[in-house]
Amino acid sequence: MNEGTKKRLLEVIPGLFSWTVIAAFVCLLLIKPELAALILIVYLLYLTARFVYMTLLLLLAHRRVVRYRNIVWSETYPAIETDLTLEQIVHVVLYPVYNEPEDVIERSLAALMETDYNHKKIVVVLAGEEREDGIERKLNGAKKKWTSSFFDILITIHPKDIKGEIPAKGANATYAAKKVKAYLETKGYNIEHVVISCFDSDTKPSKCYFSCLTYHFLTHPRRHQISYQPFPIYSNNIFEAPSFARIIEMGSTFWQLIESMKFDKFITFSSHSMSFKTLVDVGYWPVDMISDDSVIFWKCFLHFNGEYQTYPLEVPVYMDIACGQGLWDTIKIQYRQKRRWAWGVENFVYVCMGFMSNKKITLSKKMSRVFQLLDNHIHWATWAIIVSFFTPLIMIWAQHRLQKQLIFFNLSYINGMISNLLLVILVLCVVMSKQFLPSRPHHVSRWFYVSYILQWLLLPMVSAVLGSIPALDAQTRLMFGRYLSFHRTPKEVKKT
Amino acid sequence: MKNGYTGNNLNRYLIARKILFWLITFTFIGSIPLAVLFSLGYKFDDSSKMFIKTGALYLNTDPVGATIYVNGKKVPATSPTTLRYVLPKIYQVQFEKEGYYSYKKNVAVRQSRVTELDVMLIPIVTTFECLNENFEVYRFFFSKKFLDKKIILFTSEGIYYADFSFASVMQITKEVLPRKVAFTLNDAIEVNDNILLFWDDRHVYSVTVPHDDEPLVRRETIETLYATKEKIHNLYLGFKEHYAIIHEGDQINVIDIHNNGIIFPMVQLKDKNAQVFYDTREEILYFTDYDQGQEKYVLHKKKCKEDLLSRLESFRYERGNEKEIA
């Protein structure tokens, strides 16, 4: 079987599983509704167990964040015993830019300046795309304004239509990283002492991001076999974003915190940092895949034969909630963004192909990782559809056709019990999410907090429409070979 | 932190996570058989030491909040409530609520089923509201009109209309129907053009109802519109309420409401047990009659709309064959 056929077969698997689950429910509902009800009861219990587990992990993660919140990382340096010195470390912060407003770039650079790390040890890279008109003028403008604040600001312009590449962030970042390598070598820097952070253009690192990152880079015994992942808080425009978008993005923050507690299986997402040497050794980010942020992890994982991990940093980065011009535009943009995130299912294919050719990773590790990937994506694509559509559907069906069967009565009873439990979890989430809210600006009314609490009632519907359905969409496209093209998420800085 | 790598802090979380994971996993796996048994209604019976399939009993009343007794034992909750894990057999269920008659019924609970008992409780009638007027009310009937519903009262001071709330009373005629006659009235019906028809077993009476803006200055006379030797079973308005269709004895006759003495025989029935109904709105006549050819009672139907007044005289049914005789 040739590589192409293997790849196509693997691309079918996740979508096939998800659709099988959904189709099985529909068929059972029509043919054997009592059995469907019984299976649904067991599934709801499973879901409850999963949510309880996730909530406990979230509480642990939250506790960890709170515990390390006030640490001044730079004060820990004198006590560190390590083979590197602080002066040897260079940070490269790479911003792939495409059609971003100038003030978004300005804001990100200003945020870099507010970090407590020595800015003269930071090289900023603004990576533009040739296909954007006026990109050179835009980036040169930013460079002119900020270059004196950092060690240097490099501008790279990624040529368009390079063979073998798709127009995506990964291709641009890789082109820029190669330029950075050449630059560092001319400056006489050892790339083993360089940490590269690839940030989305709207990313604002927390004040102690680089000092925390440096601490871990200096002290981790396998610094080159670790990616450093902060947890994202989507709060840059939280006061202006529609409520349903706020819930979705807060859910993303919670998801990352939960995943960070499974750090032996944690993979990189969005803005993160890693050893520049490792990046070079594995051949940079993929230039033909959309989910470059997670695929880079798998590249490193395969390169090191399974001995690669992601360390969950104790500090956050702040990002924008994807919004549009008006409600429907925001829904469209959110849907596309979630579908792009769900396109991470292409990692399954990449990982399986990699595992098939790698004989050094143990079988148990391979199976564990493959199962993790499949489970996450299938669950993502199906749970909200089953809970939000099938459960009420079967209860309505039972009401009209089979109302006297005890199983349907008990399904309704169990569903009620689970809803009450999930309500408790929801209240916990609301309380925890308050921790990640920035201070209310003067122009924002106090009523914002009322809408912030009430917005969580939208969660069941939002989970289905902007959770499971985009994931199912992505998997279905992969099944049929209708590959996703990269859609830039629009960002803007709202003037107040 | 003074010295060394903080990575050890993750080990604590790793241990905690693994404990949580396996605890929840085993709890979930262990709960599956219990959940399946619970869902199917199984209950562990102490006496037989076996799992028995049970049912559920849903009890509801209107109004809610009734105290429930099952086989004489009081149930902690009031209605509506659901009793789960009920062994499949017959139970005596009793509902008690203050101000309502007690309701008792035997209910058979089946396994794997929800048996519903949803009852309406009847209030115990202790107090009444009276129509406080100076006259005696002999008979009353309810107006059949869809709008402007009222009660027609035959009293010692004449005929009155009263509204449902007893708030207003309007006299139609000062002429008094003798008490003996009033007590034998079967029904009353209003005709569109302000005529009130009422009848007993042998007579049909009519009286003109004055318009709302007319003062009751004259004594409207009660007229005997129709008298018959046979018993009047029922009376319907028909032919745009110009006529009354009367089922009397074994005949169906049509009488002109506005002109005394105009009578048309519509149907000669074969059996005194025949039942007749006239749909006033659709102008359709229904009746059952014994068909000697088929040797059974047959339901008949005749649409009268197209039969205009001019054809009424010649309209007649023949037994078994529905044909017109000129």
Side-chain angles (χ1 to χ4, degrees), chain A residues 34 37-42 44-57 59-61 63-64 67-68 71 73 75-76 78-82 212 215-216 218-223 226 258 260-264 309 311-312 314 402-414, chain B residues 1-43 52-58 81-88 107-118:
Chain A
E34 300 91 343
L38 194 60
I39 291 171
L40 198 51
I41 286 171
V42 175
L44 288 175
L45 276 175
Y46 157 75
L47 215 57
T48 306
R50 194 163 178 146
F51 281 136
V52 167
Y53 177 58
M54 283 163 58
T55 306
L56 292 171
L57 289 186
L59 285 169
L60 280 179
R63 186 172 175 270
R64 180 171 175 260
R67 194 173 169 208
Y68 291 102
I71 287 183
W73 295 90
E75 288 179 1
T76 64
I80 296 170
E81 289 174 9
T82 175
C212 174
Y215 174 87
H216 288 294
L218 284 173
T219 57
H220 202 289
R222 295 185 305 171
R223 61 171 70 96
I226 292 279
I258 291 164
S260 73
M261 285 291 103
K262 303 182 225 171
F263 43 83
D264 47 337
Q309 280 187 331
Y311 183 83
E314 296 86 347
L402 304 149
Q403 55 185 323
K404 304 268 193 275
Q405 298 262 30
L406 189 61
I407 185 86
F408 299 105
F409 187 83
N410 284 330
L411 170 63
S412 171
Y413 180 74
I414 288 169
Chain B
M1 294 175 302
K2 281 195 177 174
N3 225 351
Y5 174 56
T6 61
N8 287 336
N9 73 54
L10 287 181
N11 289 335
R12 268 205 304 264
Y13 293 102
L14 181 67
I15 293 165
R17 197 200 95 208
K18 284 191 186 295
I19 291 171
L20 280 173
F21 176 79
W22 289 113
L23 194 66
I24 290 171
T25 301
F26 284 126
T27 306
F28 166 66
I29 292 171
S31 69
I32 293 176
L34 292 172
V36 169
L37 288 173
F38 166 81
S39 305
L40 294 173
Y42 281 94
K43 175 185 169 183
I52 305 171
K53 227 174 185 181
T54 61
L57 188 53
Y58 173 71
T81 189
T82 305
L83 305 179
R84 319 176 73 82
Y85 302 115
V86 182
L87 291 173
V107 173
V109 172
R110 292 159 60 194
Q111 63 185 23
S112 302
R113 295 285 202 178
V114 180
T115 304
E116 289 182 6
L117 184 58
D118 197 342

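Predicted model, so just to flag it, every value in this text is computed and none were measured. Letters A, B, ... are given to chains in the order of the sequence lines, protein chains preceding strands, and every chain is numbered from 1.
For the options A:L57, A:L411, A:D264, heavy-atom pairs under 4.5 Å to chain B are most numerous at A:D264. Among A:A37, A:A49, A:A61, the residue with the largest count of heavy-atom pairs under 4.5 Å with chain B is A:A49.
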As a quick check of understanding, evaluate side chain to side chain contact (heavy atoms under 4.5 Å, CB included) for B:V109 and B:L83, giving each step before the final call. CA-CA 11 Å; B:V109 172; B:L83 305 179; over 6 Å; no
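Rounding to the nearest 0.5 angstrom, the gap separating the CD atom in A:E34 from the CD1 atom in A:I407 is 8.5 Å. One distance of note links OH of A:Y53 with CE of A:M261; it measures 10.5 Å at 0.5 Å rounding. Considering CH2 of A:W73 and CD of A:E314, their distance stands at 4.0 Å, rounded to 0.5 Å. The CG atom of A:L218 sits 6.5 Å away from atom CZ of A:R223, with the distance rounded to the nearest 0.5 Å.
Contact annotation for B:R110: neither backbone nor side-chain heavy atoms come within less than 4.5 Å of a heavy atom of chain A. For chain B, the nearby part of A:I414 is the side chain; its heavy atoms alone come within less than 4.5 Å. The contact between B:L40 and chain A is made by backbone and side chain atoms together, counting heavy-atom distances below 4.5 Å. With a 4.5 angstrom heavy-atom cutoff, A:L45 touches chain B via backbone and side-chain atoms both. In this structure, the portion of B:T82 lying under 4.5 Å from any heavy atom of chain A is its side chain and not its backbone. For chain B, the nearby parts of A:L60 are the backbone and the side chain; heavy atoms of each come within less than 4.5 Å.
Side-chain polar atoms of A:Y46 and A:R50 form a donor-acceptor pair below 3.5 angstrom.
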